[in-house]
Amino acid sequence: MMSAGLEIQLIAAVTAIACAIPGVFLVLRKMALISDAISHSILPGIVIGFMITQDLASPWLILLAAFSGIITVVLVELIQKTGLVKEDTAIGLVFPALFSIGVILIAQNANDVHLDVDAVLLGELAFAPFDRLIINGADVGPKSLWIISGILVLTLVLLLAFYKELKISTFDIGLSSALGFSPVILHYGLMSVASVTTVAAFDAVGAILVVALMITPAAASYLLTTDLKKMLVLSVLFGVISAIGGYWAARALDASIAGSITTVLALLFLLIYLFAPSKGLIAVLIRQKRQRTEVSLLTFLLHLNNHDSIEERRVAHLQEHINWQKVRAQTVLDLAVQNNMITINDKVVSLTQKGLEFTEKALEYIITNKDEKIEDMKDDFFLFRG
Amino acid sequence: MDITQYFTDYTLRTITLGTAVLGAICGMLGSFAVLRKESLLGDAISHAALPGIAVAFLLTGAKDSNILLLGALVSGLIGIWWIRGIVSKTHLKTDTALGLILSLFFGFGMLLLTYIQKQPNANQAGLDKYLFGQAATLVESDVILMSFVTGVSLITLLLFWKEFKLLLFDRNYAMTLGFNVKFIDGLISFFIVLAIVIGLQTVGVVLMSAMLLAPAAAARQWTDKLSVMVLLAAGFGIFAGVFGTSISASQSNLSTGPVIVLVASAFVVVSFIFSPGRGILFKQLRLLKNRRELELQKTLSFMYTIVRKHDDISRPHAIKILNNFQGFTKSTLAQLSQKQWITINGSNWSMTDQGFNAATNLYDSNKVES
């Protein structure tokens with residue numbers, strides 16, 4: 001028998017893993033928002049399930065909810081196929097309509113029971129340990145832990161069985177259909193897994209956290225690696241870290257657990273977004289700045305190459321002639337001097353032998369656009385790395 | 001329900017006016033969102049507005065709806081700015097960026113809301129109306145604010161019409177012409193966020209995206225002209241607001257927001273099916289007509305190849321010989337004889353001069369050209 005706190009962490013962590021795996025494929029297939037759509041449009045399924053069974057704990061609710069998730073996907077597909085609107089518009093048309101039907105159904109039929117939209121959308125992890133699975137009179141743990149673990153196992157089995165197919169169809173849909181994997185079956189398979197996971201997870205943690213758990217770890221790990229396996233592992237890791245971190249943060253703040261897990265996810269993503277080694281914002285900005293300087297350098301060297309007269313090569317004149325601001329001109333000059341491409345004598349700039357060769361090569365590359373001309377320059381200059 | 005109620009019942013009048021104005025501004029600006037392929041922006045931004053509402057409440061401690069909306073506006077703008085940052089600076093795609101901002105901001109907002117609920121001053125009741133929207137809480141000053149915002153965005157739209165249009169359809173051209181693309185982009189994003197924020201109170205976070213999208217998607221089907229589309233979308237939005245309000249007022253237990261969304265969705269369905277140019281119905285009809293035409297041509301060309309081998313074009317042939325390669329159907333024969341291109345005599349057909357000329361025109365000229 002575990003303590004409630006441990007059980008909550010376990011449920012959150014398992015949910016995070018179960019969400020992260022389909023999430024990676026959704027992000028890679030540019031379908032991240034389908035998880036948002038599903039998480040909203042399962043509402044009518046739940047309400048109808050409740051109207052039929054009059055039991056909030058019935059497994060029919062989950063089945064019907066997952067079914068309405070798949071209906072969402074089918075409807076989106078149908079609308080998209082008419083070619084009247086783009087895919088994102090199709091998503092945006094389908095799920096609010098289904099959600100509205102759900103809200104109206106609740107207001108009409110289920111107002112007197114504990115089935116309010118808040119609970120469906122936001123979930124309450126803190127209550128999950130109270131709903132226990134009893135087998136032969138023995139308490140074997142929280143029900144949601146069993147459900148989500150079962151779905152995680154199913155997801156893992158499917159992932160291992162169809163890893164190759166999923167990988168190929170995600171990155172090259174043409175190749176995958178040429179190899180005989182049906183993209184349609186894989187698409188609907190993935191969507192079904194996403195839908196079932198969403199339903200099971202939202203039962204435990206609420207709709208919005210499901211979306212966060214699906215998209216954020218995948219997006220964060222996509223900024224760190226382009227290797228699918230590494231991406232899966234990292235996503236699972238990020239999910240678990242934020243699930244457990246979020247639980248403790250919620251305890252410290254005495255606030256919603258789902259909200260604080262999402263917040264931890266947000267902080268994690270922000271950190272990676274800013275500091276990821278090659279794709280983070282700071283790295284990108286530095287690279288862009290460096291590239292800009294290098295373009296300026298090239299312009300500058302070409303200018304020197306074209307003008308022989310001392311008058312044209314005076315430092316002061318260059319600034320005026322090429323019309324750079326002082327700072328940038330200085331950076332470019334420094335960079336050129338550092339690379340031994342120019343010498344400055346008496347405020348007159350002249351190209352060195354190395355600078356001359358560099359300019360010729362760059363010029364040739366610009367004219368012919370042949371990559372082999374610049375092979376040896378790639379190490380020193382971002383500009384030529386594409 | 002009585003029509004005079006609209007003039008006597010304060011609540012009903014206010015809500016109807018409010019939802020109509022909301023429909024108008026959403027349709028207008030939604031057109032741009034849809035054409036910019038940013039349909040789900042509304043969804044993301046309406047979720048992203050939540051932490052702003054919570055922070056505004058935490059800072060001021062007051063439940064003044066204008067201050068809360070200002071908070072929502074600020075956090076919506078931060079959200080849209082970050083979405084653009086993610087899309088332009090990393091290789092993450094738009095849908096991922098939207099999903100990230102949507103869920104992360106909303107989750108953070110929920111954290112703040114639950115934190116607020118634990119605070120001793122119990123003044124927070126009603127903050128959650130922004131989640132699901134409650135048109136019933138609209139008061140006259142809200143409607144005035146909404147009308148003001150609509151007016152300002154209308155004027156801006158008219159002032160920058162050319163720029164907006166150019167940016168929409170040929171961004172690169174706009175850049176080469178020297179327009180400040182970033183500014184115009186920012187301007188339109190700002191107004192879209194503004195429209196979303198003023199709709200939060202009425203239809204709530206989840207349904208806001210449909211308000212922005214459905215009228216525009218419906219209007220798109222009826223026209224290829226931007227100005228007509230914007231006007232139509234605004235019209236659809238107004239109708240959805242007014243109809244939705246009156247339906248929900250006529251029944252108890254029918255929340256206004258979802259009904260408005262369903263009315264707007266009904267417009268979309270009708271437009272998808274019945275619009276003359278793009279609608280599914282007329283497309284199918286055209287397809288059917290083309291198929292019939294094709295069958296007719298098949299029969300005619302088959303007959304023509306037979307007839308050409310003979311000197312006497314009107315020599316009767318058995319219908320049976322057309323049966324090779326399924327060259328005819330009953331209806332094509334009937335149509336051909338109705339056009340008097342062939343005459344049918346018992347189980348024989350023979351081509352008329354008229355039919356032969358038509359076939360020569362059709363097939364021989366094709367042959368020469370190819």
Side-chain angles (χ1 to χ4, degrees), chain A residues 27 30-33 35-36 40 79 82-86 88-89 91-93 95-97 99-104 107-108 111 117-118 121-122 206 208-216 218-219 222-223 250 253-256 258-263 265-266 269 273 276 279-281 284-285, chain B residues 34 37-40 42-43 47 85-86 89-100 102-115 118 128 131-132 206-214 216-217 220-221 253-255 257-259 261-262 265 268 271-272 275 278-280 283:
Chain A
V27 165
K30 306 184 191 93
M31 297 190 301
L33 281 167
S35 61
D36 178 44
H40 287 99
I79 293 183
T82 62
L84 296 173
V85 288
K86 298 276 180 305
D88 56 335
T89 312
I91 295 177
L93 289 173
F95 84 86
F99 187 78
S100 299
I101 293 173
V103 172
I104 289 174
Q108 293 284 296
N111 227 1
V117 192
D118 308 43
L121 269 193
L122 310 173
I208 296 302
L209 182 53
V210 174
V211 181
L213 282 175
M214 280 208 177
I215 302 178
T216 320
Y222 198 19
L223 289 178
L253 291 169
D254 189 18
S256 141
S260 84
I261 293 179
T262 320
T263 308
L265 277 170
F269 177 76
Y273 172 69
K279 289 162 195 156
L281 185 66
V284 168
L285 287 179
Chain B
V34 167
K37 302 188 186 72
E38 286 181 334
S39 304
L40 290 170
D43 191 33
H47 283 81
I86 292 175
K89 297 287 183 229
T90 72
H91 61 291
L92 296 176
K93 299 289 181 290
T94 316
D95 63 315
T96 309
L98 290 173
L100 277 169
L102 179 158
S103 58
L104 295 181
F105 272 57
F106 193 75
F108 180 55
M110 281 318 299
L111 179 79
L112 291 175
L113 276 193
T114 50
Y115 177 74
K118 302 272 163 60
D128 58 341
L131 290 187
F132 306 110
V206 181
L207 300 179
M208 197 49 225
S209 64
M211 279 307 287
L212 204 61
L213 223 150
R220 172 68 189 92
Q221 310 312 322
N253 266 345
L254 215 51
S255 11
V259 178
V261 168
L262 285 182
S265 305
V268 174
S271 308
F272 275 14
S275 91
R278 298 160 56 100
I280 299 168
K283 216 183 253 174

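None of these values were measured; they are calculated from a predicted model. Numbered from 1 within each chain, the chains take letters A, B, ... in sequence-line order.
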#### Entry: Check: A:L84 and B:K283 side chains under 4.5 Å, non-hydrogen atoms
yes
### Task
Could you look at A:M214 and say if it's the side chain, the backbone, both or neither that has a heavy atom under 4.5 Å from chain B?
neither
### Query
Under a 4.5 Å heavy-atom cut-off, does chain B meet the side chain of A:L285, its backbone, both or neither?
side chain
### Query
Pick from B:I280, B:V34, B:L112, B:I86: which one has the most heavy-atom pairs with chain A under 4.5 Å?
B:I86
### Task
Give a yes or no on whether the backbone of A:Y222 and the side-chain of B:H91 come within a donor-acceptor separation of less than 3.5 Å.
yes
### Message
If the condition is ring-ring contact (aromatic ring centres under 6.0 Å, His included), which residues does A:Y273 pass it with, not counting sequence neighbours?
### Response
A:F269, B:W82
### Message
Counting only non-hydrogen atoms closer than 4.5 Å, does A:D88 touch chain B with its backbone (N, CA, C, O), its side chain (CB onward), both, or neither?
### Response
both
#### Entry: Heavy-atom closest pair, residues A:S256 and B:L111
O-CD1, 3.9 Å
### Summary
Sequence neighbours excluded, the answer for side-chain contact (heavy atoms from CB on, under 4.5 Å) partners of B:E38 is B:R36, B:L41, B:R84
#### Entry: Toward chain B, the part of A:I79 with a non-hydrogen atom under 4.5 Å
side chain
#### Entry: Approximate separation, where rounding is to 0.5 Å, of B:L40 CG and A:T89 OG1
7.0 Å
#### Entry: Minimum heavy-atom distance A:V284-B:K89, with the two atoms named
CG2-O, 3.4 Å
### Message
Quick check for you: among B:A210, B:A214, B:P258, which has the greatest number of heavy-atom pairs under 4.5 Å with chain A?
### Response
B:P258
### Task
Quick one: pull up CG in A:L253 and OH in B:Y115 and give me the separation to the nearest 0.5 Å.
7.5 Å
### Task
For residues A:I104 and B:L262, determine if any side-chain heavy atom of one lies less than 4.5 Å from a side-chain heavy atom of the other.
yes
### Query
Hey, what do you get for CG (A:D36) to CG (B:L98), rounding to the nearest 0.5 Å?
9.5 Å
### Message
Let me confirm one number: the CG-OG distance from A:L33 to B:S39, rounded to the nearest 0.5 Å.
### Response
10.5 Å
### Query
What is the minimum heavy-atom distance between A:P96 and B:L207, and which atoms define it?
O-CD2, 3.7 Å
### Task
Taking all heavy atoms of A:A219 and all of B:T96, pick out the closest pair and write down the distance.
CB-CG2, 3.7 Å
#### Entry: Considering all heavy atoms, the nearest B:G99-A:I215 contact
CA-CD1, 3.6 Å
### Task
Identify the heavy atoms of A:L93 and B:A217 that sit nearest to each other, and give their distance.
CD1-CB, 4.1 Å
### Message
Run the side chain to side chain contact (heavy atoms under 4.5 Å, CB included) test on B:Q221 and A:V85 for me, step by step, so that the C-alpha distance in whole Å, both residues' side-chain angles and the decisive distance to 0.1 Å come before the verdict.
### Response
CA-CA 9 Å; B:Q221 310 312 322; A:V85 288; 3.7 Å; yes
### Query
Hey, are the side chains of B:D43 and A:F95 touching, using non-hydrogen atoms and a 4.5 Å cut-off?
yes
### Message
Given heavy-atom pairs under 4.5 angstrom as the criterion, report whether the side chain, backbone, both or neither of A:L223 touches chain B.
### Response
both
### Message
For chain A, which candidate among B:L254, B:V268, B:V259 shows the most heavy-atom pairs at distances under 4.5 Å?
### Response
B:L254
### Interface moiety of A:K30 toward chain B, non-hydrogen atoms closer than 4.5 Å
both
